Every structure is written in C-alpha cells, then in structure tokens.
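Chain A is the first sequence line, chain B the second, and so forth, proteins listed ahead of strands; every chain is numbered from 1. All of these numbers come straight from a predicted model, not from anything done at the bench.
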There are 2 protein chains.
Amino acid sequence: MEIEVKFRVDFERVKRAIESIGARFVREEMQEDVYLSVPLPELLRVRRVDNLNRSFLTYKRIADPGRNEEFDEIEVEVSDFEKTLQILKRLGFKEDVRVRKKRLVYRLDRVTFELSEVEGLGAFLDIEVISDDVDEAKRKIWEMAGRIGLSEDDVEPRLYQELIKELEKRK
Amino acid sequence: MEIEVKFRVDFERVKRAIESIGARFVREEMQEDVYLSVPLPELLRVRRVDNLNRSFLTYKRIADPGRNEEFDEIEVEVSDFEKTLQILKRLGFKEDVRVRKKRLVYRLDRVTFELSEVEGLGAFLDIEVISDDVDEAKRKIWEMAGRIGLSEDDVEPRLYQELIKELEKRK
C-alpha cells in the first residue's frame, strides 16, 4: 500500500527544510501525467518523465476516498508514452486531464518527499511511505511533516487531477 | 499495417526450407501469450518472452476479419508481465486464453518468418511484412511461400486464440 499526504507549500522554504533535516536528494523529474476517464476511486495514469526519457503505466485504487491518502498501486514501466496512450484510447478510455509538474524527489529512511511545482496549481509536497501498516506509516509521515513545519492546516486532500479540473472549470 | 499469412507446417521440413533460401536466423523465443476478453475484431494481448526476460503489451485490430491477414497493431514493451496483466484485470478485462509456443524468427529482406511450435496445436509458420501497401506485401509473402513450398491449401486462417479455444471445447 502507498500511503501519502499532500501539503500545499512554499517551494523554496520547504526545499530548505527538507534538506536541513538530512533528506537525501534522489532526482529531479519533469513529469507529464495523463489521467484516463476511469471512475473514482480508481485512477489510470500514463506518465512521461521527460528528462529521464522514461514512461509508466499506473493503476491506483484509492482505499480511503475523499481523504485520498491510501492507495493500492500497480505500476509498470512502458517503452513508449504515446503508444501506451493510443492502446488505452483504442480500448475505450478517454483522456481526462493532463498534469505537468517539475518534481524534486528526496528520501530519508523509508520516507519519500516529492516536492512539486505543478503547472497552473502551485507548489505541493507529497510525503510518502510504502507500507502495509497504515497507522505506522501515517505516524512516520506526520513526524516528518512536523519536523519541516507543516500542519493539518496545510493538507490538500484533493487529487491533482481534481485540482486541474476545478482550475479548468473556473476558466 | 502488419500483413501476415499463417500456414500449418511440418516444423523440421519448413525450418530447412527457410534456411535454404538464405533467410537469416534472428532469435529463438519462448512465448507465453495471454489474450484478454476483448471482442473481435480487436485483440488485446500480454506476451512474456521467457528466455529473453522481456514482456509486451499489444493491441491489434483485424482489418480483414475472418481472413485475419491484415492487422493494425500498437505494441509497447512493459517492465513486468504479471503486473501488466493485473492492471488490465483491475480495469475489467478478463483472461480469455493462454497460448504457449517456441518460436524461431528468421528474416530475409523485409520479410519475417516466425516458425512456431504451439503447445497443443502443432507447428505453424507466419510470414509477415510490415507495410502500408497491402497488395505489394501479399505478393512478397506469397512469393516467399512459393519458394519454401507452401500453397493456399496450407493456410490456417484462424487466430491462435481461436484454435486454442476450439481445442479446449473439444476436451
């Protein structure tokens, strides 16, 4: 199970805070995500990581809909982003939304920090732990959140694709 | 467009014939194909090539249903066979049939020869050309068929998954 909590953050301040607690920088990713029209609580995504020239097909099932912190995830790397999208479209799935972001990935012990600048939405930090013990994972996540100065008030429970959809509606 | 004609053959005789006309041996593959329950003329397959440790997700649309010689194909390599199957099953596709075969691949100019020993079904040769000129591709395929001693009588128009399904019905 993938357990993660998403926070709205100030990119530079949180970047310094993550580095100051000793998290190790892993990589930078320029991500383009296409979400296909699968009804919640399921998600179907094709991701291209432009700067690494890699692509992924990901299925997620949200275990706690609304809160969106617990995900049952299955992911494979694919050799071609566009062809994977084409296959899914031929099978009847429609393109729902595209999310583009610059993401810095850090790690400290078993905790992953994904600090993202999302096109049109601003900056977010996802703190993630892969574990089958949800309670222990959440304790770990909130301990880290506390150390970098984030609180319940900073949580953004909506999914990126929900935020993008709301943005497009307002236009 | 993928143009191919499938023949029922004697494995050893046809292997010698292909080699005698100067076709180049490309590789041997131990293939396990899982076809998902997509209605014809569409096909959805996940293939594991055991001996090469590679897997592929393939969508095909048969352009000449019944004859089954012209295919609009989209294929990507995937990093994990079982996970890819899992994703498709989560999306609602059911496993239809499994086809296991040993395949020798040869090439001569733009023509690919796929000589297969299919578990439960016997030996087959697929002669394949990738081209947007269907007529020219078929001329080339039949010229090669003639050179290795195969005729219209040897053609097997049914798909592997149809043959496996008929086999399972008879059991």
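Atom CG of residue Leu88(A) and atom CG of residue Leu57(B) lie 7.5 Å apart, to the nearest 0.5 angstrom.
Under a hydrophobic-cluster definition in which Ile, Leu, Val, Met, Phe, Trp and Tyr are linked whenever side-chain heavy atoms come within less than 4.5 Å, directly or via other members, Leu125(B) and Val26(B) are assigned to different clusters. Both Phe124(A) and Leu167(A) sit in one connected hydrophobic cluster of ILVMFWY residues. Membership requires side-chain heavy atoms under 4.5 Å apart, directly or through other members. Follow the hydrophobic side-chain contacts under 4.5 Å out from Leu104(B) and you never reach Val49(B); the two are in separate clusters. Under the 4.5 Å side-chain heavy-atom criterion for Ile, Leu, Val, Met, Phe, Trp and Tyr, Ile130(A) and Met144(A) are members of distinct hydrophobic clusters. Clustering ILVMFWY residues whenever any of their side-chain heavy atoms sit less than 4.5 angstrom apart, transitively, puts Phe81(A) in the very cluster that holds Ile74(B).
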Using atom types as modelled and no hydrogens or angles, find all donor-acceptor pairs between chain B and chain A shorter than 3.5 Å.
unit_1   : atom_1 : unit_2   : atom_2 : d
Asp72(B) : OD2    : Arg90(A) : NH1    : 3.1
Asp72(B) : OD2    : Arg90(A) : NH2    : 3.0
Glu77(B) : N      : Ser79(A) : OG     : 2.8
Glu77(B) : O      : Ser79(A) : N      : 2.9
Ser79(B) : N      : Glu77(A) : O      : 2.9
Ser79(B) : OG     : Glu77(A) : N      : 2.8
Arg90(B) : NH1    : Asp72(A) : OD2    : 3.1
Arg90(B) : NH2    : Asp72(A) : OD2    : 3.0

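Residues Ile87(B) and Val76(A) meet the side-chain proximity criterion, which asks for heavy atoms closer than 4.5 Å.
Looking at Leu44(A), the atoms closer than 4.5 Å to chain B (heavy atoms on both sides) all sit in the side chain, from C-beta outward. For Val38(A), the part lying near chain B is the side chain, with the backbone staying farther off; criterion is any non-hydrogen pair under 4.5 Å. In this structure, the portion of Phe93(A) lying under 4.5 Å from any heavy atom of chain B is its side chain and not its backbone.
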